[in-house]
Amino acid sequence: MSKKLTKRSEDYSKWYNELVVRADLAENSGVRGMMVIKPYGYAIWEKMQAELDRMFKETGHENAYFPLLIPKSYFSKEASHVDGFAKECAVVTHYRLKNSEDGKEIILDENAKLEEELIIRPTSETIIWDSYRKWIQSYRDLPLLINQWANVLRWEMRTRLFLRTAEFLWQEGHTAHATKMEAVEEAKKMQGVYAEFAENFMAMPVIKGEKSENERFAGALDTYTIEALMQDGRALQAGTSHFLGQNFAKAFDVKYTTKEGKQEYVWATSWGVSTRLMGALVMTHSDDKGLVLPPKLAPIQLVIVPIYKSEDQLDQISEKVEEMMKRIKGLGISVKYDNRTGYKPGWKFAEYELKGVPLRIAIGPRDLENNTVELARRDTLEKDIISIENIEVKINSLLEEIQINIFEKALDYRNGLITEVSDFNEFTEVLENKGGFISAHWDGTPETEDKIKKLTKATIRCIPNDAIDEEGKCVLTGNKSIKRVLFAKAY
RNA sequence: CGGGGUGUAGCGUAGCCCGGUUAGCGCGCCACGCUGGGGGCGUGGAGGUCGGAGGUUCAAAUCCUCUCACCCCGACCA
């Protein structure tokens, strides 16, 4: 294995794959399109989960768990939903295996064929709404605010670690409301929660917006999205929140009695983010030396590497380190002391840079004499000799600074790659040579969007929430347009 | 699913076209020693169903068929 990663400028895709594997986040498994998430990667996911879970609960949601398998008949109840997912469903048809006649292999037992085939959930709307029918009787049962942490399965053609795997982990919120307005508000609120999480914790700037009809979730009336921009100029949909109208309520006959005693269908939302966020995290901040993790999500925030010649020296250093660690841990900072023998300091430095640990302390005999350490930050790669006195305070504020700095950096980069264009030549020129988001007028029709997609591979990522009303002409057709939308090539 | 490519030790690879000793090398791993402020060095050692199945042959990593997986480019998608 070569020591250095492929450079982003050489082959962005290769860089990403190498990095995910080398940094010990995940690896491919023996099962097509499915990955193993390794402990270091999973630790990051757990941090994401913990924070999101906290935010969901703060906004009034409760967790529950629904079955992995969905009867085929449930699945077919909502027509556009079927259209969206049917092509990528795995199906359970039998419940028993047996030895083959020659005893050499295990085969399906045809006597154990299921009466009704079961779909492995690609998303859980249908099975959840089947329960909601029983749970919801009265306006007093609303709103129903439920979230589920689960795995789902979508038989994708081409997969990539974290960005698109056949099985992935996610959360899916499913809410039911008495009024349309309340459901729309809920969907928008959760878009806001996602945006806040992305920006404050992942340090990943996102654009909040609405999906065009073409890009909407199967079965949704409106899809609210957060869109991020990766370092190769391609956009990544990082989270979506859907206003589902009464589609699922009607499909599953979920009605409630109003105060006035009338029967009404409920209004629904669903919203989700997945392990894809891990891919987004990697591609937003990392560099040619490896991961760059935001301190708020880094499993290890500070690593301490001793530099020594003799056992004696190591003992002295360790003593100093123990004392220092106590103070640092006291501030809730996660710190690892890597006193493994057999790895040289230089090796360890490179290793922790690869893994994106935000701060690194090196401490050797020279430091013992001066009561100092060498403190290096991952984001800028800057190193400083600092005093051990009150080091925990310095570290704490530096972690905060790094969190802000990588966000600002990503934001500058992203803002530099939003380009307003006024005609189609300019559109294709910017798309090919610069990349990023293209802000352009669009006549609002799916046909035009399709044509642009066919011609350029760019899609409408979103109609930004903050788009200003502005008369203009559609970049392709010249028809009237009232606001700009964001196009990009997307993951 | 269409086009192209690749599977040889944990990882990266040579050998394959043109079949023929014990399948070679680098990294990693284990032991010992020298080392230690940016992936250090030496000595010794372990590790292989050559992706899998079948076939051709006196003989297969090498030729043929099927199959599986992965990578790149398209269509599909969180």
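Below, read A as the first sequence line, B as the second, and so on, with proteins coming before strands; counting in each chain starts at 1. Here the structure is a predicted model, which means the values were calculated and not measured.
In this entry the distance linking CD1 of I307(A) with P of G38(B) reads 7 Å, nearest Å. One can place CE of M34(A) at 11 Å from P of A69(B), the figure rounded to the nearest angstrom. Atom OH of Y352(A) is separated from atom P of G38(B) by 17 Å (rounded to the nearest Å). Protein atom OH of Y343(A) is 20 Å distant from nucleotide atom C1' of G37(B), rounded to whole Å. Going from atom CD of E311(A) over to atom C1' of C34(B) covers 15 Å, rounded to whole Å. Going from atom CH2 of W155(A) over to atom P of A78(B) covers 18 Å, rounded to whole Å. Spacing between atom NZ of K355(A) and atom C1' of G38(B) amounts to 18 Å, rounded to whole angstrom units. Rounded to whole angstrom, the span from the NZ atom of K489(A) across to the C1' atom of A75(B) amounts to 15 Å.
For F427(A) and F487(A), the distance between ring centers is under 6.0 angstrom. Aromatic ring centres of F162(A) and Y16(A): separated by at least 6.0 Å.
Relative ring orientation between F75(A) and F85(A) is described as perpendicular, the plane-to-plane angle rising above 60° on a 0-90° scale split at 30° and 60°. The aromatic rings of W170(A) and F168(A) stand perpendicular to each other, their planes meeting at an angle above 60°, with 30° marking the opposite boundary.
Residue K457(A) places at least one side-chain N or O closer than 4.0 Å to OP1 or OP2 of G74(B). Side-chain nitrogen and oxygen atoms of Y491(A) include none within less than 4.0 Å of the OP1 or OP2 phosphate oxygen of C76(B). For C72(B), the OP1/OP2 oxygens have a side-chain nitrogen or oxygen of S13(A) closer than 4.0 Å.
In this structure H81(A) satisfies the side chain to side chain donor-acceptor pair (under 3.5 Å) test with no other residue, sequence neighbours excluded.
Taking 4.0 Å as the cut-off between side-chain N and carboxylate O, K451(A) and E447(A) do not count as a salt-bridged pair. Of the charged side-chain nitrogens involved, none lies within less than 4.0 Å of a carboxylate oxygen, so that D338(A) and R360(A) do not count as a salt-bridged pair. Between E51(A) and R54(A), at least one side-chain nitrogen of the basic residue sits less than 4.0 Å from a carboxylate oxygen of the acidic one, meeting the salt-bridge criterion. Taking a cutoff of 4.0 Å between a charged side-chain nitrogen and a carboxylate oxygen, R461(A) and E215(A) qualify as a salt bridge. For the pair E62(A) and K57(A), the salt-bridge criterion is not met [side-chain N within less than 4.0 Å of a carboxylate O]. In this structure, K38(A) pairs ionically with D24(A), as a charged nitrogen and a carboxylate oxygen lie closer than 4.0 Å.
Distance noted for atom P between A59(B) and G74(B): 47 Å (whole Å). On the P atoms, C25(B) is 27 Å away from G33(B), given to the nearest whole Å. The same atom, P, is picked in C76(B) and in C29(B); the two are 46 Å apart, to the nearest Å. A gap of 23 Å separates the P atoms of G20(B) and U13(B), to the nearest Å. Only the P atoms considered, G2(B) is 25 Å distant from C63(B), to the nearest whole Å. When the C1' atom is compared between A23(B) and A75(B), the two are found 42 Å apart, to the nearest whole Å. G51(B) sits 10 Å from C70(B) when the C1' atoms are compared, rounded to a whole Å. Comparing G3(B) with U8(B), their C1' atoms sit 27 Å apart, to the nearest whole Å.
In this structure, K355(A) forms a cation-pi arrangement with Y40(A), its terminal cationic atom sitting closer than 6.0 Å to the ring centre and no more than 45° off the ring axis. Remark: K77(A) qualifies as a cation-pi partner of Y74(A) under the 6.0 Å distance and 45° angle criteria applied to the six-membered ring. A cation-pi contact, defined as under 6.0 Å to the ring centre and within 45° of the axis, links R340(A) to Y343(A).
A heavy atom lying under 4.0 Å from RNA chain B marks the following residues of residues 361-382 of chain A, by number: A362(A), G364(A), P365(A), R366(A), D367(A), E374(A). Residues of residues 197-234 of chain A that place a heavy atom closer than 4.0 Å to RNA chain B do not occur. Annotation: proximity of residues 42-49 of chain A to RNA chain B (heavy atom, distance under 4.0 Å) is found for no residue. Taking every heavy atom of residues 119-127 of chain A and every atom of RNA chain B, no pair lies under 4.0 Å.
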>> Let's go through T269(A) and H242(A) carefully: what are the C-alpha distance in whole Å and the side-chain angles of both, what is the deciding distance for side-chain contact (heavy atoms from CB on, under 4.5 Å) to 0.1 Å, and is it a yes or a no?
In response: CA-CA 5 Å; T269(A) 81; H242(A) 315 290; over 6 Å; no
>> Please evaluate residues K211(A) and E227(A) with respect to the criterion side-chain contact (heavy atoms from CB on, under 4.5 Å), reporting the C-alpha separation (whole Å), side-chain torsions for both, the decisive distance (0.1 Å), and the verdict.
In response: CA-CA 10 Å; K211(A) 285 292 187 189; E227(A) 298 284 327; 2.7 Å; yes
>> Could you go through M190(A) and F56(A), starting from their C-alpha distance and side-chain angles, then the distance that decides it, and tell me whether this counts as side-chain contact (heavy atoms from CB on, under 4.5 Å)?
In response: CA-CA 8 Å; M190(A) 297 322 287; F56(A) 298 156; 3.5 Å; yes
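Checking G38(B), A75(B), A78(B) against every side-chain atom of A350(A), the shortest atom distance belongs to G38(B). Comparing atom distances between the N28(A) side chain and each of A78(B), G39(B), C71(B) picks out C71(B) as nearest. For K344(A), counting side-chain heavy atoms from C-beta on, the closest listed nucleotide (G38(B), G36(B), C71(B)) is G36(B).
The neighbour count for E322(A) CD, taken as heavy atoms of other residues, nucleotides or ligands under 6.0 Å away, is above 12.
Place A238(A) and E351(A) on RNA chain B by their nearest nucleotides, and E351(A) ends up nearer the 5' end. The residue among E167(A) and R160(A) whose nearest nucleotide of RNA chain B is located toward the 5' end is R160(A).
Residue K383(A) is classed as a base contact, given a heavy-atom separation below 4.0 Å to a base. Across all strands shown, S274(A) has heavy atoms under 4.0 Å from base atoms, whether or not it also approaches the sugar-phosphate. In this structure, E156(A) reaches the bases: a heavy-atom distance under 4.0 Å links it to at least one base atom across the strands shown. Among the protein residues, R360(A) comes within range of the nucleic acid bases, having at least one heavy atom under 4.0 Å from a base atom. Counting any heavy atom pair closer than 4.0 Å across all strands shown, G33(A) reaches sugar-phosphate atoms only and no base atom.
Between L161(A) and V20(A), some side-chain heavy-atom pair lies under the 4.5 Å cut-off.
Taking a pair as Watson-Crick or G-U wobble with both distances under 3.5 Å, RNA chain B forms stems of 3 or more consecutive pairs at B:1-7 with B:68-74, B:10-13 with B:24-27, B:29-34 with B:40-45, B:51-55 with B:63-67.
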